Amino acid sequence: MSNATMTRRPSQFTKNKLPKWSIWAVLAGALILGAAVSALLGFSPITMAIFAAVFFVVGGTGVSAAVEGGRKARDRLATYLVYGAFIVAVLPLISVIWTVLERGMPGLTYNFLFRSMNGLTGAIDNQTVIDGTPVLGGAYHAILGTLQITLWATIISVPVGLLAAIYLVEYSTGGPLSRAITFFVDVMTGIPSIVAGLFAAALFGLIFGPGTRTGFVAAAALSVLMIPVVVRATEEMLKIVPNELREASFALGVRKWRTITKVVIPTAISGIASGVTLAIARVIGETAPILVTAGFARGINLDVFSGWMSTLPTYIYYQIITPTSPTSTDPSTQRAWAAALILIILVMLLNLVARLIARMFAPKTSR
Amino acid sequence: MSKRIDVKDLNVYYSKFLAVEDVNVTIEARSVTAFIGPSGCGKSTFLRTLNRMHEVIPGARVEGEVLLDGDDLYDDGVDPVHVRSQIGMVFQRPNPFPTMSIRDNVLAGVKLNSKRISKSDADALVEKSLRGANLWNEVKDRLARPGSGLSGGQQQRLCIARAIAVSPEVILMDEPCSALDPISTLAIEDLINELKNDYTVAIVTHNMQQAARVSDKTAFFNIAATGKPGKLIEFGPTTDIFNNPKEKSTEDYVSGRFG
């Protein structure tokens, strides 16, 4: 009877545990110490952050080891290191996005989005700097060029890559042909992009005469880079479609090609769509192959089969390397950052579209 | 709507490896024939040769004859797709198509072959097939929902509905209850008893009670040792196989004294 009213003794399994606030105390201490050591070397926020991080990891682990014991301390050390690695990985990304947003936003005007560089001379740039008026000239032609060249590269690469992957997964029996395809796809994944550009330039130079530079040549160069990515992604997706589904379809008296088009590909379509998007994102920022295949244009060119063309990466490159006005480069620099921002927005939009496609086609679980 | 199968001197190979040797069996129309035997003795492999699903595996081939009402399935120029549309199959694990609704799963055999079917005919076929698989009452209010949302036993009955929707002559079942609980198993066994009124049924099972409950005839396969080909040891009416077997190894197996 008296046992029930007695307060329970602490469980034999409990050990000393640091209170919740202790981690904040250690953090505050580490920050103060870090600031002090950093001040000794001539204060800067970066050295302070580094010292504070080191003190925090050492201090937090040490306090834990003293109070909680070795196993807990090792657990905390590993946790701190994992979080540290995460921060180190994310910081550059945030920094890039922040910088591009900060410098690109001022240049993102209606004028920039819907005007080309046609007829814009260094004198005009000089005048805007003197007058303090908004920067003229835009990247409309480069946006159109990027969209057209990427679209054509996709039109070439997706059927080729998809069919190659279907052959590899569904039809080949591990013979020499499939091994050759796999090998060359692997090799092509590692081709430097400038080599792909030179290849396309040389190929079209042979067929249509030297110096053939059009948007389509650039699209061909990009598709050389894109095809292996599409093949790899599609292959992986087709491989994870369970064999049972193929057999179920065969057992219903469905032909192989219908099984592939109506059962296998619909089951894998969401993965294939995101693989294609990744491939597009991989080539949309290419600069070198565009320079040697499509040249550089200052005006709008809507025909991928004739005339030089600009894309956003080559536009950025030329704005930085050869500013329109050599004496006042600020307008060109602003245009370059704005173009970089648009490029990032394009890639993000592509990712969103791929997610939407993936969600639309994804195997239905429950509604 | 059902045909008999005669198997004559059938040898089944995986590349050079002889998996099943010299099988002679007659599967009567409108009856249930069970294949029993220890794991790896080739009963599933043998079953898959009956609708030419065996050759889907690279390197797999067959020697001998399989006659469906006298027509050899392995004759030159026979289209395996045509064979499979007459001899349906239900697999060990339920495998409804994940991208399709319950209704589309039942209609898969029609739709995947792009045959035209009017909506009223399709509705009638869906209801008839689902009723045939004893699933209609459970799913009639949610035909548009995905098939993967059903329970395992319901999914397996959906697969049976899918198989009978193409009105085959023969239905092959490869351990259809091995992934199911006893209640779902009972539902499938009742279904098999009804199916034999219209179809020829061949079933592979590990469960000897199941073979005794559902089948009219039973074939016992055995394997001498690993790496040796599987063989048909004894074939006869189910009551004889279980109560009065001729072979010693059959008696050992059905009485649980072996393996």
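All values reported here derive from a predicted model rather than from experimental measurement. In what follows, every chain begins at residue 1, and chains take the letters A, B, ... in the order their sequences are listed.
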Residue among M53(B), Q86(B), H82(B), Q92(B) with most heavy-atom pairs under 4.5 Å to chain A: M53(B)

Residue among K111(B), R93(B), R142(B) with most heavy-atom pairs under 4.5 Å to chain A: R93(B)

Examine whether an atom of [X] lies under 4.5 Å from a heavy atom of chain A, and if so say whether it belongs to the side chain, the backbone or both; otherwise answer neither.
X: P96(B); result: backbone
X: I87(B); result: backbone
X: V81(B); result: both

Interface residue of largest heavy-atom contact number with chain B, from K262(A), K256(A), R246(A), R258(A), under 4.5 Å: R258(A)

Heavy-atom count around [X] [atom1] within 6.0 Å, excluding the residue itself: above 12?
X: R355(A); atom1: CZ; result: no
X: Y83(A); atom1: OH; result: no
X: Y167(A); atom1: OH; result: yes
X: F305(A); atom1: CZ; result: yes

Exercise: identify the closest heavy-atom pair between [X] and [Y]:
X: T173(A); Y: P58(B); answer: CG2-CB, 4.4 Å
X: T267(A); Y: P98(B); answer: CG2-CG, 4.0 Å
X: F97(B); Y: L245(A); answer: CE2-O, 3.5 Å

Side chain N113(B), main chain G253(A), donor-acceptor under 3.5 Å: yes

Would you indicate whether the side-chain heavy atoms of [Y] and [X] approach each other to under 4.5 Å?
X: F91(B); Y: E247(A); value: yes
X: L252(A); Y: R84(B); value: no
X: L112(B); Y: T259(A); value: no

Proximity breakdown for S249(A) and chain B, heavy-atom pairs closer than 4.5 Å: both

Spacing of CZ belonging to F250(A) relative to CZ belonging to R52(B), to within rounding of 0.5 Å: 13.5 Å

